[in-house]
Amino acid sequence: MVESGDRYVVRDGATWLLGTKSDVAWIDEATTTDLTITSAIPPVFEAYTTIVVSEKDSVRERQDRAMVALLAERSAARPWLLGYLETSEHDDVVFPAAPRVRFYADWGYVLVQAGPTQAAQWRGPGFHHRRIPDLIFPDDRSWLVSMLWDDDWTCCGGSAELIDSLVDHPDLKSCARRVNLGEDATPPGHTAI
């Protein structure tokens with residue numbers, strides 16, 4: 001629930017700071033409208049990957065756990081910004097009464113400053129796509145994970161070490177591939193809408 005007139009929400013007995021348009025301006029100003037990785041990730045990182053999201057719940061859960069664990073290893077105790085995209089009345093934006101921040105193609109996100117534990121747990125099982133947020137990045141912007149609403153894959157940018165760890169992880173390597181700037185980021189066999 002959003003406390004009246006402020007930038008905070010309450011969940012799990014704690015108060016969480018809501019993000020603003022300024023928190024994602026660096027994404028919105030540098031992304032493109034095309035089939036490259038920069039449609040989701042600004043061209044500011046050393047390396048990039050796409051990770052196809054499994055249709056099987058058990059595999060998707062393992063993918064999500066692996067991603068959150070690898071990202072947490074590389075961001076120490078830094079706060080994360082978690083973005084939950086609203087695409088319909090049935091979406092789990094975690095804080096339905098919270099104001100939306102509009103970016104990318106004017107899509108509404110609920111942005112909350114939290115961490116890996118919340119990223120892994122706030123969306124309940126059975127969500128139509130992912131348990132983890134649609135957008136995740138630490139406050140130092142050293143990496144970014146984004147899943148655009150009309151894709152069935154996740155895009156990630158970060159250090160070469162981070163991307164190598166994602167691409168080589170046993171729960172991700174069969175569905176992850178490195179992507180270079182300027183090339184079509186659509187995974188083989190998939191269609192960008």
Side-chain angles (χ1 to χ4, degrees), residues 9 11-19 23-24 26-27 30-31 37-85 92-95 109-125 127 129-148 151-181 185 187:
V9 289
R11 184 174 177 124
D12 303 332
T15 302
W16 306 94
L17 179 66
L18 289 170
D23 292 313
V24 293
W26 68 283
I27 299 169
T31 51
I37 195 74
T38 59
S39 66
I41 309 291
V44 297
F45 297 104
E46 184 179 20
Y48 304 87
T49 186
T50 58
I51 302 169
V52 175
V53 178
S54 177
E55 293 180 10
K56 294 183 179 181
D57 291 342
S58 61
V59 175
R60 190 171 54 247
E61 287 283 329
R62 284 196 310 274
Q63 289 175 329
D64 289 350
R65 281 193 304 274
M67 284 185 64
V68 169
L70 292 170
L71 296 169
E73 288 173 9
R74 279 144 188 92
S75 57
R78 301 199 74 85
W80 290 8
L81 252 146
L82 310 179
Y84 297 93
L85 174 61
D92 185 356
V93 294
V94 180
F95 299 99
Y109 285 79
V110 172
L111 293 174
V112 182
Q113 189 179 70
T117 300
Q118 294 76 35
Q121 295 177 356
W122 273 353
R123 265 195 184 142
F127 179 66
H129 227 47
R130 302 288 302 265
R131 189 172 183 124
I132 63 174
D134 304 293
L135 182 81
I136 311 170
F137 63 93
D139 68 344
D140 68 356
R141 303 178 185 172
S142 57
W143 50 262
L144 172 65
V145 172
S146 181
M147 183 169 181
L148 302 180
D151 293 336
D152 59 355
W153 61 88
T154 298
C155 297
C156 183
S159 68
E161 178 190 9
L162 170 61
I163 299 308
D164 287 347
S165 70
L166 290 166
V167 171
D168 295 336
H169 191 280
D171 291 327
L172 300 171
K173 67 181 174 183
S174 67
C175 58
R177 71 181 183 100
R178 287 175 185 80
V179 178
N180 295 314
L181 290 176

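Since this is a predicted model, take the numbers as computed values, not measurements.
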| task | Mind running salt bridge (charged side-chain N to carboxylate O under 4.0 Å, His left out) on Arg141 and Asp23 for me, showing each step along the way? | result | CA-CA 10 Å; Arg141 303 178 185 172; Asp23 292 313; 5.9 Å; no

| Where do Pro133 and Ala119 come nearest, in terms of heavy atoms and distance? | CD-O, 3.3 Å

| Quick one: does Glu46's side chain have a donor or acceptor within less than 3.5 Å of a partner on Ala160's backbone? | yes

| said: Is the shortest side-chain heavy-atom distance between Leu18 and Val9 below 4.5 Å? | reply: yes

| field | Least distance between heavy atoms, Gly115 atom then Leu82 atom | value | O-CD1, 4.2 Å

| note | SG (Cys175) and CG (Asp152) are apart, to the nearest 0.5 Å, by 11.0 Å

| said: I'd like to know if Asp140 pairs up with Arg78 as an ion pair, taking the criterion as any Lys NZ or Arg NE/NH1/NH2 lying under 4.0 Å from an Asp or Glu carboxylate oxygen. | reply: yes

| message | For Arg123 versus Asp134, what's the shortest heavy-atom pair and its separation? | response | NH2-OD2, 2.7 Å

| query | Do Trp143 and Tyr48 have ring centres separated by under 6.0 Å? | reply | no

| task | Would you check if Phe45 and Leu144 make a side-chain contact, meaning some heavy-atom pair closer than 4.5 Å? | result | yes

| Smallest separation among heavy atoms of Leu166 and Cys156, with atom names | CD1-SG, 3.6 Å

| query | What closest approach, in Å, do Arg60 and Ser54 show between heavy atoms, and which atom pair accounts for it? | reply | NH1-O, 3.1 Å

| said: Any non-hydrogen side-chain atom of Leu135 less than 4.5 Å from a side-chain atom of Tyr84? | reply: no

| message | Counting only heavy atoms from other residues, nucleotides and ligands, does the tally under 6.0 Å from CD of Glu161 exceed 12? | response | no

| query | Do Val93 and Tyr109 come within less than 4.5 Å of each other through their side chains, counting heavy atoms only? | reply | no

| Any side-chain heavy atom of Gln113 sitting closer than 4.5 Å to one from Trp16? | no

| query | Which heavy-atom pair separates Cys155 from Thr50 by the least distance, and what is that distance? | reply | SG-CG2, 4.1 Å

| said: Regarding Arg131 and Asp64, does a basic nitrogen lie under 4.0 Å from an acidic carboxylate oxygen? | reply: no

| field | Pair Phe95 and Trp122, ring centroids less than 6.0 Å apart | value | yes

| message | If we ignore hydrogens and angles and just use 3.5 Å, is the side chain of Arg62 paired with the main-chain N or O of Asp171 as donor and acceptor? | response | no

| request: Kindly indicate whether the side chain of Thr38, heavy atoms from C-beta on, has any atom under 4.5 Å from the side chain of Leu181. | output: yes

| said: Distance check, rounded to the nearest 0.5 Å: Ile37 atom CD1 versus Asn180 atom CG? | reply: 10.0 Å

| query | Given side chains that start at C-beta, do those of Pro187 and Arg177 come closer than 4.5 Å, heavy atoms only? | reply | yes

| request: Taking the side chain as every heavy atom from C-beta outward, state whether Thr154 and Val52 have any atom pair closer than 4.5 Å. | output: no

| message | Salt bridge check, Arg178 against Asp164: does any charged N sit closer than 4.0 Å to a carboxylate O? | response | yes

